[in-house]
Every structure is written in C-alpha cells, then in structure tokens.
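Working notes, structure below.
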Amino acid sequence: MPDQSFLDWPFLDDTHRLVAAEAEDWAASFLRGGHDDETDVDAACISLARRMGEAGLLRHCLPEDGQLEVRSLCLLREILARHDPLADFVFAMQGLGTGPIQLFGTVEQKARFLPPVRSGAALAAFALSEPDAGSDVAAIAMTASRTNEGWRLDGLKTWISNGGIAAHYVVFARTGEAPGTRGLSAFVVPADTPGLTIAERIDIIAPHPLATLRFDNCVVPDEALLGAPGQGFKIAMATLDVFRPTVGAAALGMARRAFDEAVSRAKERVMFGKPLADMPITQAKIADMATQIDAAALLVYRAAWARDRVGGRITKEAAMAKMVATESAQSVIDSAVQIFGGLGVRKGNIVEQLYRDVRALRIYEGATEVQQMIIGRAVLAE
Ligand code: COS
C-alpha cells in the first residue's frame, strides 16, 4: 500500500477518507493491478463503466444533487489511476463528458442525459478540439447555424475520447454572436443524430477509444443548446476548471504506482554486491521522486479544496496543479524506468505501461504550455 499520509492533510475530511476507502476496496476487488486488455479497449471501457456504475462510483462524477466535489473526484482518479489508468480514463470521461450539462444544463437536459451515464449504461464525450483548434479554442471553425428545425452543425472534431462508443457528445461550435471566444456555443448531440459520423479512429501509445468526428448537415433541435448562444467558451473553461485538477490527480496516482514499484525493485535488486537501495545515487533519485510526488499532491488537493470550499474561479490553481502534477509524474515514472533498467522498457512491465500512459496527460485538457500561459497571465493581472 502506498503512502496514505496525505489523507490526513487539512484539505480533506472524514467524508473524503471514506470515499478513498470505498475506491480502494473497489479497485482492489475489480481491477487486476494492471491494464485491461489493450487489444479491445472499446469493450474494456464499456465494461468498466458498467461495473463502476453498478458499484455506485460514478455518483462522484455525476452527483444527484448536482454539486461536483472536486476533492472526491481527485481521490477517485488518483486511486483508480494507481491501479489501472484505463479505469481512471473511463471514470474521468463520464464526468468531463457530462460536466457542461451538469454545470449549465436545463432540468430537462439533466433528466435526459445524466442518469444513463451515472449508471454506467451510457458513455459520455466532450468534443472541443479540431484539427486546427486544440489549445487555441478561439480558432474553432466548426459552425452551428440556425435553421427552422433548430441548429445545423458542420465541421470536424478530433482527439475525441470515447469517440465511437459515446452515447452523446458535448460539442462546441461557432455560432458567430461575436468574433473569437465570444462567438461559440455548446450543444449536446446524441451519437445517433443523422449527419454525425466517425471519420477515423485514432490509435495512440497508450490505447483508449479516440476518434475524429464529422458533422455534415447534422441538425439538432433547439433543446440541444447548452446555456445561451455565445456562452460556449465560458462553458468549456468552467468545465475544465473542475476537471484540470483531476488530471493532475490521475498523474499523481500513476506516479505513486511507479514510485512504489521502483522502491520495491531498488530493495530487491542486488548490484555490485548490495541492494540498489543502499547506493547513495539511488537514494538521491528516490528522494527526488518522493518530493515531486508530495509537491504535486499539495497543489492538486489545494486546487480541489479551493474549488470546493473557497468558491469562485480557480483557473490559476487548477493550471498549477495540472502542470506540476503531470510534468513531475512523467519525471517520476522516467526515474522508475531507470531503476528497473532493461526490464523497465520491456513491453508489459508496469513501469513501461505507465511511461506510455502518463505522456498524454501533459497534452490533453490544456498542454503544459497553455497552463503556463494561464498562470503567467493570471499572476500579471493580479
Ligand atoms: N471560467 C470562466 N470564464 C473564463 C475562464 C474560466 N476558466 N477563462 C477565461 N474566461 C473568460 C475570460 O474572462 C474572458 O471573458 P471576457 O471576454 O468577458 O473578459 C473570455 O473567457 C476569454 O478569455 P481569454 O481572453 O483568456 O481567452 P483566450 O482566447 O486568450 O484563451 C486559453 C485562453 C488559451 C487559456 C484557452 O483558450 C485555453 O484554456 N485553451 C486550452 C483549451 C484546452 O484545454 N484544450 C484541450 C482540449 S479539451 S481535452
């Protein structure tokens, strides 16, 4: 069992310790300590969502009372990612893919779209990125134009997690009320809407369901609009404010797993007549890894606590947590690979898997460079 002392930090209370115990018990019983079969990630994700729904875990990313609790989300993601990054991915997407509906949806939209995702019967997706608009959301080119029946969507979305298996997509498109970020709106589009097709499935170094979506004369009714026309950018950013600290938490879970594996390995592996762990050079590496993990955890739970308890915008705190936790997880996992030596790059070894799993976290939901931009601007504006 990894270091649990952070559970006593003042950012967390007894309810969080219960959430952590619940997640730990479930993960220990249902996840086999590594990854599900990488050859059929669609089936693995559908089955993980169903099992998490049955166990009630998804109520943390879709609370009945609508009050998303970011500390619980972070604990769940950290624990799931430590056991199996694919399980964390499934959990996170149920939240991100419904976040805009939870935060900005009408009573009817919530009643229609949230229960199937909460039960794990349906999967959700968040469709923001385009071939020429990922970090620069103001460059979104996909259009949504008014028609007699509602709105007509045309364009491409890419890097869409759960693309191909989601029941609905929250889609951001240009409605043109004003230039740039002020002319975007958000829509909930059921996957079976005519005119919406999967243009391409995308394979990446740590496989998970990912696709490019094509919208070609895809007409949705007025009730598909989330919030008001022109509010799309703020809807996207407010959703990311909630979920960015949780990306940091997932990275933290992966780092903790790699750290534990590396410490065990350093104690067992004998080299030059003594365990690796007895060598000052290994001790220095372990010291750096442990410190990076604690620093990341402090920023993650600080951001989550600020969102839950202080309120208001936590854009800067969320960006710091995501940036530091994902960057340091990559460094910790890289050190773990080094401690494992040749075994660390052997396909199937847990640290080799984590090395691939963590990489995308420094890119999605705002690359490190975007987080630097957000933090820099926020500090200068203060
Ligand atoms: N919550 C609410 N409102 C926000 C906000 C937030 N977190 N962040 C920005 N806004 C508001 C701003 O206050 C501003 O409002 P006003 O026009 O009323 O002043 C407006 O939105 C525009 O903000 P800004 O000028 O900062 O927009 P930019 O186009 O410069 O973009 C970045 C800012 C780069 C930070 C933004 O585009 C971003 O986060 N990009 C990364 C997106 C991402 O994560 N992509 C990955 C795909 S999702 S997996």
Side-chain angles (χ1 to χ4, degrees), residues 89 93 96-97 99-100 124-147 151-164 166 168-189 191 193 195-220 224-227 229-241 243-244 247 315 318-319 322-323 326 359-377:
F89 162 80
M93 283 313 303
L96 182 67
F126 183 84
L128 183 74
S129 297
E130 298 183 0
D132 295 316
S135 296
D136 183 6
V137 178
I140 281 182
M142 179 163 164
T143 54
S145 27
R146 275 240 179 248
T147 70
W151 297 87
R152 171 189 157 152
L153 308 182
D154 289 285
L156 286 177
K157 291 286 169 188
T158 193
W159 306 114
I160 307 309
S161 291
N162 278 348
H168 76 252
Y169 299 87
V170 173
V171 178
F172 297 86
R174 182 158 301 287
T175 39
E177 291 71 22
T181 56
R182 289 165 181 253
L184 302 175
S185 302
F187 300 88
V188 201
V189 184
T193 309
L196 165 55
T197 50
I198 305 300
E200 181 194 19
R201 294 296 298 263
I202 306 169
D203 202 10
I204 56 169
I205 54 173
H208 71 251
L210 198 63
T212 300
L213 316 178
R214 175 171 290 115
F215 296 78
D216 185 10
N217 194 6
C218 175
V219 177
V220 291
L225 180 73
L226 275 172
Q231 236 196 331
F233 183 75
K234 289 188 182 178
I235 292 176
M237 293 300 122
T239 305
L240 291 173
D241 279 354
F243 287 95
R244 278 182 181 150
V247 180
T315 312
K322 189 202 181 255
M323 176 176 80
T326 57
R359 187 63 185 85
L361 277 63
R362 291 165 56 204
I363 300 170
Y364 70 59
E365 287 186 48
T368 292
E369 293 73 12
V370 167
Q371 311 309 332
Q372 287 173 320
M373 195 191 295
I374 292 171
I375 299 162
R377 283 185 193 177

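Since the model is a prediction, treat every value here as computed from it, not as a measurement. Worth knowing before you read on, the calculation uses all heavy atoms, side chains too, and leaves out hydrogens, waters and symmetry mates.
Atom-to-atom distance recorded for M142:CE and S129:OG is 12.5 Å, nearest 0.5 angstrom. The CG atom of L153 sits 8.5 Å away from atom OG1 of T193, with the distance rounded to the nearest 0.5 Å. Here the CG-CD1 distance, from D203 to I205, works out to 11.0 Å after rounding to the nearest 0.5 Å.
For E365 (side chain) and V247 (main-chain N/O), no donor-acceptor pair under 3.5 Å exists by modelled atom type. In this structure a side-chain-to-backbone donor-acceptor pair under 3.5 Å is present from R174 to A138. Without hydrogens or angle criteria, N162 side chain to A124 main chain gives a donor-acceptor distance under 3.5 Å. No donor-acceptor distance shorter than 3.5 angstrom exists from the side chain of K322 to the backbone of Q371, with no hydrogens or angles considered.
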Check the pair W159 / L128 against side-chain contact (heavy atoms from CB on, under 4.5 Å), numbers first and verdict last. CA-CA 9 Å; W159 306 114; L128 183 74; over 6 Å; no

Checking T326 against R244 for the side-chain contact (heavy atoms from CB on, under 4.5 Å) test, could you report, in this order, the C-alpha distance in whole Å, the side-chain angles of both residues, the deciding distance, and whether it holds? CA-CA 10 Å; T326 57; R244 278 182 181 150; over 6 Å; no

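Between P229 and S185 the shortest heavy-atom distance is CA-OG, 3.3 Å. Taking all atoms of both residues into account, the shortest heavy-atom contact from F126 to M93 is N-CE, 4.1 Å. The two residues I160 and A125 make their nearest non-hydrogen contact at CG2-CB, 4.2 Å. L96 approaches L240 most closely through the heavy-atom pair CD1-CD2, 4.3 Å. Minimum interatomic distance between D132 and A139 (heavy atoms only, all atoms of both residues): O-CB, 3.8 Å. Taking all atoms of both residues into account, the shortest heavy-atom contact from A141 to E130 is N-OE1, 2.7 Å.
Contact of the F187 side chain with the T175 side chain is registered, since non-hydrogen atoms from C-beta on lie closer than 4.5 Å. No side-chain heavy atom of I374 sits less than 4.5 Å from a side-chain heavy atom of M323.
Listed by chain and number, the residues in a side-chain hydrogen bond (donor to acceptor under 3.5 Å, both in side chains) with T181 amount to none (sequence neighbours excluded). Residues passing the side-chain contact (heavy atoms from CB on, under 4.5 Å) test with R182, sequence neighbours excluded: A178.
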Name each donor-acceptor pair under 3.5 Å that joins a side chain in residues 206-219 to protein atoms two or more places apart or in another chain, with its distance.
residue, atom, partner, partner atom, Å
H208, NE2, S161, OG, 3.3
T212, OG1, T158, OG1, 2.8
T212, OG1, E200, OE1, 3.4

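Under the 6.0 Å cut-off for aromatic ring centres, F172 and F233 do not qualify, their centroids lying 6.0 Å or more apart.
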